Undergrad: 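The following block contains the structure, expressed as structure tokens.
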2 protein chains.
Amino acid sequence: MMSRPTGDDRSTAKARPSVALIGSFRQHFAEVRRAAEVFAAAGFTVRTPPLVPLRDVDREFVRFETDPHLSLDHHIQDITFDKIFSSDFVYVVNPDGYLGRTTSYELGRILERGMAVYYAEPPKDLPIEIAEGTVLSADDLVACVLGEVLTAPARRPRVAALPTADIVILTIRDRELHVLLIKRGKDPFRGKSALPGGFVRPGESLEDTARRELEEETNLGGSLLMEQLHTFSEPERDPRGRIVTTAFLAIAPDLSDVRGASDAARADWVEVDESMWRDPARLAFDHGDILRRALERARVLLEHTTVAADFCPRRFTISDLRKVYEVIWGVTLNPQNFQRKVREVKGFVIPTHERRDGRQGRPAELFRRGPAEHLDPPMLRPRQRNSP
Amino acid sequence: MMSRPTGDDRSTAKARPSVALIGSFRQHFAEVRRAAEVFAAAGFTVRTPPLVPLRDVDREFVRFETDPHLSLDHHIQDITFDKIFSSDFVYVVNPDGYLGRTTSYELGRILERGMAVYYAEPPKDLPIEIAEGTVLSADDLVACVLGEVLTAPARRPRVAALPTADIVILTIRDRELHVLLIKRGKDPFRGKSALPGGFVRPGESLEDTARRELEEETNLGGSLLMEQLHTFSEPERDPRGRIVTTAFLAIAPDLSDVRGASDAARADWVEVDESMWRDPARLAFDHGDILRRALERARVLLEHTTVAADFCPRRFTISDLRKVYEVIWGVTLNPQNFQRKVREVKGFVIPTHERRDGRQGRPAELFRRGPAEHLDPPMLRPRQRNSP
DNA sequence: AGAATAGTGTCTATGAGACAGTATATG
DNA sequence: CATATACTGTCTCATAGACACTATTCT
């Protein structure tokens, strides 16, 4: 839980400066190439444009001879953006001041990222703030970078993310712990099992999203307990881009039927199994980590709250309740002492004076859950005694 | 912690979706206004454009009658971006397909931010990937957001958010609990006290961001304990737009000096006081809620872990440690029993055989913290005895 | 000496765990 | 009847809390 920091240093060797050039390659290709040669001569890495001839000069979006023929414009543009975003700064070649629509679009993305941008001429007719000292020739810019007196960027780059909510819905079926998983119908991880979840929609909080997904997956989402667990934000956790997920834990009684498919994905109860987090490839994304954390949380919740009763049907016996503790804690408990402890806690279970029979042995009394939420003192989880 | 669903319908509780319209207002003002009226009629908040006449129709960058006369174009544009970025999604009104340069630039910034974007027509001649189901009429878009069934495929809007990390840094000074707060130098909440925090930057996880901020605010960020607490995502929690914050808890020993200002904001230790969360206006944003939750968490951590020692200087007495528990739990503890309990736990405190004197009374032995992280059995917090 | 703080020894009440024993069903 | 499960009563042992008592400093 509480993390102690590691002592890594992040001082790395300095690389050659890299630059990306943008501007209307169609209209000003000669100027662009000339500027690129100035940077290259100074030892800079010129990430884009490639120094090869143009193709399809009559279209708005120009291509180079090295570009693949069949790709869509936006695929080529994606590759260009990779080059631009991995550069140290951007130089806008606009000899007449004007920028085309594609360059305007690129500039929007570049500025939103907070990158350092320099201009050959003050851009005309675009509502952009031009910081002082950012309009200069390629030669001056080289001198400036080598002298390390860069004035841009104006803003620290911020990362935008798509927030999602994933839910670990636990239940007990056939005396074993089960979790609700869906089979993914789309890439990435198509065909893999994953936790149910989804993107936050307009006007929703993460809790709203989680409750909506719960409602979609189980038909009694509105009545289930739910708790926020943890937020997972590793930059590479989702191959689709920056997706930050907040995990929720929900606890369900034994539901025999799960509502039908949503989003062409089937939801199923799957027995919880240690390989789900031991083997990271068992579940999609980092859902193994999420599940492990959910289980740890459930164990603690059982100690301090009355949630165990939420795993049980409306009427349950003390044995049913004990089984919940045994399955989630992975222990066996003394039935006599468990009985005494549970019945002593005020408001945990309420006798109904009905009995359940049909099984072997003395019929057990049925209880329903009481109003108590917290266990004080907590249920003690058997632990290793201190050896004397 | 565990939330039982309340019986309220969330049709009322949910915030109204908000939309920003972009496009060439100069050429297609009538269409823009018509679309805006569709959204407004459905109860959506239309953040931009304002429904007032235009001015300076002959220039590339158009202005509205409500815009201030003397401002520079880019200042007006900044205000527009604030409105766009605080919307849930964007609708591009481009009846003929083409986008102007200003709209292209705006679109670049909007897409780089990961916002959900819809188009009236497929944009022509811009290298943008148009996801399936994002070209549709304003009426269809309204229906899609409201979750109604559509004949045409429509992609449900996903909300993009800026993730931030806020840190509650607790310490004990002069035998009182203190929290590190900054005075905000910018709007919103200029001049108000707030928790230190900041935006996630490229390549960072939330934990990286929190650790960096901690480092910036205290000069020993690298060595402090830190734990993720909770993620706050209410749509209206930040007036600047969709900002989802993850709160962290850090625990510091008594630092006499805090590193100087960063971002023109001074950081100061402030004594923790119940009014900070009782009165929501005391702290900026929802930082009162965050602080309350941090304090609850700190109380639990003291029970089950050895973090209390992290509040103390490198060498400390048992009394120092006891004071930590007393201050954070808000109780008085029996000194004798506390002493026995702490010294019995293996690896909590290690005697140094040095003594501290200079005060009244018998000099106390100095200890340093041991390797143990967890307390098992936990420190018991005095609680109300069951009345018989 | 007296006050103040540190630290030790010891008694007691509580409650968890072990387990014997009783109750009541099925086959 | 045996067997299985449900439930009760009682003993034991660990330990949290109370508190008397000793130790060592300052005023």
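Predicted model, so just to flag it, every value in this text is computed and none were measured. Chain identifiers are assigned alphabetically (A, B, ...) following the order of the sequence lines, protein sequences preceding nucleic acid strands; residue numbering begins at 1 within each chain.
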Undergrad: Just say parallel, tilted or perpendicular for the rings of B:His287 and B:Phe285, cut-offs at 30° and 60°.
TA: tilted

Undergrad: Whole angstroms only, please: what is the CD-P distance between B:Glu344 and D:dA14?
TA: 13 Å

Undergrad: Students often mix this up, so state it plainly: with edges at 30° and 60°, are the rings of A:His230 and A:Phe232 parallel, tilted or perpendicular?
TA: perpendicular

Undergrad: Rounding to an integer number of Å, can you tell me how far B:Phe338 CZ sits from D:dA18 P?
TA: 15 Å

Undergrad: A:Lys341 NZ to C:dA16 P: how many Å, rounded?
TA: 4 Å

Undergrad: Would you say A:Gln360 places a side-chain N or O within less than 4.0 Å of OP1 or OP2 belonging to C:dA25?
TA: no

Undergrad: Tell me whether the side-chain N/O atoms of B:Ser319 come closer than 4.0 Å to OP1 or OP2 in C:dA6.
TA: yes

Undergrad: Would the base of C:dA25 count as contacting A:Arg362 through its side chain, where contact means a donor and an acceptor less than 3.5 Å apart?
TA: no

Undergrad: Atom CG of A:Leu229 and atom CZ of A:Arg293: how far apart are they, to the nearest 0.5 Å?
TA: 8.0 Å

Undergrad: Look at the side chain of B:Arg340 against the base of C:dG9 and say whether a donor-acceptor pair falls under 3.5 Å; ignore hydrogens and angles.
TA: no

Undergrad: Between P on D:dA23 and CD on B:Gln336, what's the gap in Å once rounded to a whole number?
TA: 16 Å

Undergrad: How many Å lie between CG on A:Asn337 and P on D:dC11, as a whole number?
TA: 15 Å

Undergrad: Please state how far atom CG in A:Leu333 lies from atom C1' in D:dA6, giving the value in whole angstrom units.
TA: 16 Å

Undergrad: Between C:dA16 atom P and A:Gln339 atom CD, what is the distance in whole Å?
TA: 15 Å

Undergrad: Side-chain contact, heavy-atom cut-off 4.5 Å: A:Phe311 with A:Lys323?
TA: no

Undergrad: Which whole-number value in Å describes the distance from A:Asn334 CG to D:dT8 C1'?
TA: 13 Å

